[in-house]
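Okay, so here's the structure we're looking at.
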Protein chains: 2
Amino acid sequence: MEEIAAFGVLGERLGLQLHYADVRAMAGLAARLSPLKVTPARATAIVYIALHAGCDQTTLGRALGVNRASTMKAVDELEVLGAIERRPGRDRRTNALHLTAAGETLRARIEQETLAHDQAAFGALTVAEQAELSRLLSKVRSDSASA
Amino acid sequence: MEEIAAFGVLGERLGLQLHYADVRAMAGLAARLSPLKVTPARATAIVYIALHAGCDQTTLGRALGVNRASTMKAVDELEVLGAIERRPGRDRRTNALHLTAAGETLRARIEQETLAHDQAAFGALTVAEQAELSRLLSKVRSDSASA
DNA sequence: TATTGTTATACTCTATAACTATA
DNA sequence: TATAGTTATAGAGTATAACAATA
């Protein structure tokens, strides 16, 4: 990808700057997670299931921002990977999602790699700058939610 | 999409916060550009061609961060849309990309919508905060480039 | 009637590989 | 040999629509 300056006035837009930063960060994270055989999206699913053991697929899908059909594919993949399992849920319609022992090991490695990536990607910022970036981003998110 | 808090420790990562902010901003921009029949990616191509009239497809692709095959599809679409045209290039292998009159009109509307979106998405920040966010993002980008 | 999981299907975006015509 | 454009094909990722079982 070329320089933002190549886009003139629009290159000064915060939206474009934000997008470029995100694309680069996501590519870096994907590369780091690649040896673990998970994408950032799958890794996010694993982390969510770890924190919400027994949740159903619809709930997971909502958390990930995808519909039930897409959630199916994710859950199928993670099951084939041996990271999670479907157990009987609160009623006969629902599955309760749980990490397997292998999934817990994987989750730990994901957390490690993810935090290491964060440090690599944002390490150029001082601690104060990181806190400020976090504050600004949360302000942006809460606003664009209402827009 | 649910709350970042649903991801525990990893929800505090700047990478996730950045990604969520970007996903929301891009969705908003896509919705705004939708009546113009262009996606954010196509809009970016139009803006680039406007600023680099006569550029070839390979150069455009590099600027957009996609390969030649993907660039073909983008150029084809924009040509069907009537926004750009392929003219003879600097040698017989290359095309020189130019906006049509309709493309110039479209570019103006894209610029207007894009700037309006930026204001909507980042309007919650003061001017000083916007400048600071821009500074922090450029620092992140320049660092992750070397990482 | 509404919800959950499921399946089939299709669409978008992007990539790889191979071909052609030029250079 | 290398480059620009092109084409065909395939792989992610996601969505919609419909169905069965259950509530």
Side-chain angles (χ1 to χ4, degrees), chain A residues 1-2 19-20 22-24 26-27 29-31 33-34 36-46 49 52 54-81 84-98, chain B residues 1-2 19-20 22-24 26-27 29-31 33-34 37-46 48-49 52 54-81 84-98:
Chain A
M1 213 178 285
E2 214 170 295
H19 185 59
Y20 270 50
D22 185 49
V23 167
R24 288 201 189 180
M26 289 300 287
L29 179 61
L33 292 176
S34 159
L36 305 184
K37 307 296 178 197
V38 290
T39 61
R42 297 292 175 265
T44 304
I46 288 176
I49 293 168
H52 304 85
C55 73
D56 62 39
Q57 296 183 188
T58 300
T59 305
L60 173 64
R62 243 189 301 264
L64 299 177
V66 297
N67 69 8
R68 283 176 300 156
S70 300
T71 307
M72 267 294 300
K73 201 181 160 189
V75 170
D76 283 350
E77 273 182 36
L78 293 178
E79 207 172 33
V80 167
L81 195 66
I84 71 168
E85 58 185 14
R86 290 166 159 113
R87 295 188 200 156
R90 65 179 181 285
D91 61 41
R92 279 187 224 175
R93 290 177 302 180
T94 57
N95 296 325
L97 304 177
H98 291 270
Chain B
M1 213 177 289
E2 212 171 295
H19 185 59
Y20 270 50
D22 185 48
V23 167
R24 288 200 187 179
M26 290 300 287
L29 180 60
L33 292 176
S34 160
K37 307 296 178 197
V38 290
T39 62
R42 296 293 174 264
T44 304
I46 288 176
Y48 185 88
I49 293 169
H52 304 86
C55 71
D56 62 39
Q57 294 183 189
T58 299
T59 304
L60 171 65
R62 244 191 301 265
L64 300 177
V66 298
N67 68 8
R68 283 176 299 155
S70 299
T71 307
M72 267 294 300
K73 201 181 161 190
V75 171
D76 283 350
E77 273 183 38
L78 293 178
E79 207 172 32
V80 168
L81 195 64
I84 71 167
E85 57 186 14
R86 290 166 158 112
R87 296 188 199 158
R90 64 179 181 284
D91 61 38
R92 278 188 227 177
R93 291 178 302 182
T94 57
N95 296 324
L97 304 177
H98 290 270

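Labels below follow one simple rule: chain letters A, B, ... track the order of the sequence lines, proteins then strands, and each chain is numbered from 1. The figures that follow rest on heavy atoms only: side chains count, while hydrogens, waters and symmetry mates do not. Remember, predicted model here, so these are calculated numbers, not experimental data.
B:Ile49 is listed as a side-chain neighbour of B:Leu60, based on a closest heavy-atom distance under 4.5 Å. Residues A:Ile84 and A:His98 have side chains not in contact (no heavy-atom distance under 4.5 Å, counting atoms from C-beta outward). Within the 4.5 Å cutoff, the side chain of B:Arg68 has no heavy atoms near those of the B:Met72 side chain.
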Verify salt bridge (Lys or Arg N to Asp or Glu O under 4.0 Å) between B:Arg93 and B:Asp56, making sure each step is shown before the conclusion.
-> CA-CA 10 Å; B:Arg93 291 178 302 182; B:Asp56 62 39; over 6 Å; no
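Closest approach to the B:Arg42 side chain among D:dT14, C:dC13, C:dG5 is made by C:dC13 (side chain taken as heavy atoms from C-beta onward).
Between A:Arg68 and A:Lys73, the residue anchored nearer the 5' end of DNA chain D, judged by the nucleotide with its closest heavy atom, is A:Lys73. Projected onto DNA chain C by closest heavy-atom contact, B:Glu77 and B:Ala69 fall at different nucleotides, the more 5' of which corresponds to B:Glu77.
Remark: P of D:dG5 and CD of B:Glu79 are 12 Å apart, rounded to the nearest angstrom. Atom-to-atom, CG of B:Asp76 to P of C:dC13 comes out at 14 Å; the value is rounded to the nearest Å. As rounded to whole Å, 11 Å separates atom C1' of C:dG5 from atom CG of A:Leu97. In this structure, CE of B:Met72 is placed 19 Å from P of C:dA17, rounded to the nearest angstrom. The nearest whole Å value for the distance from the CG atom in A:Asp56 to the P atom in D:dT22 is 16 Å. Atom CD of A:Gln57 is separated from atom P of C:dT3 by 17 Å (rounded to the nearest Å).
Between D:dG13 and A:Asn67, no contact under 4.0 Å exists linking OP1 or OP2 to a side-chain N or O. The phosphate of C:dG5 (OP1 or OP2) has a side-chain N or O of A:Thr58 nearer than 4.0 angstrom. Contact between the side-chain N/O atoms of A:Ser70 and the OP1/OP2 oxygens of D:dA15 is found at a separation under 4.0 Å.
Proximity of a side-chain donor or acceptor of B:Thr44 to a complementary backbone N or O of B:Pro40 within less than 3.5 Å is detected. Without hydrogens or angle criteria, B:Asp76 side chain to B:Glu79 main chain gives no donor-acceptor distance under 3.5 Å.
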Any N/O pairs under 3.5 Å between the protein and nucleotides 20-23 of chain C? List them or say none.
from   : atom 1 : to      : atom 2 : distance (Å)
C:dA23 : OP1    : B:Arg92 : N      : 2.9

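Residue B:Tyr48 holds its OH atom at 6.0 Å from OG1 of B:Thr59, rounded to the nearest 0.5 Å.
Contacts of A:Thr39 with the nucleic acid, taken as non-hydrogen atoms under 4.0 Å apart, involve only primed sugar atoms and P, OP1 or OP2.
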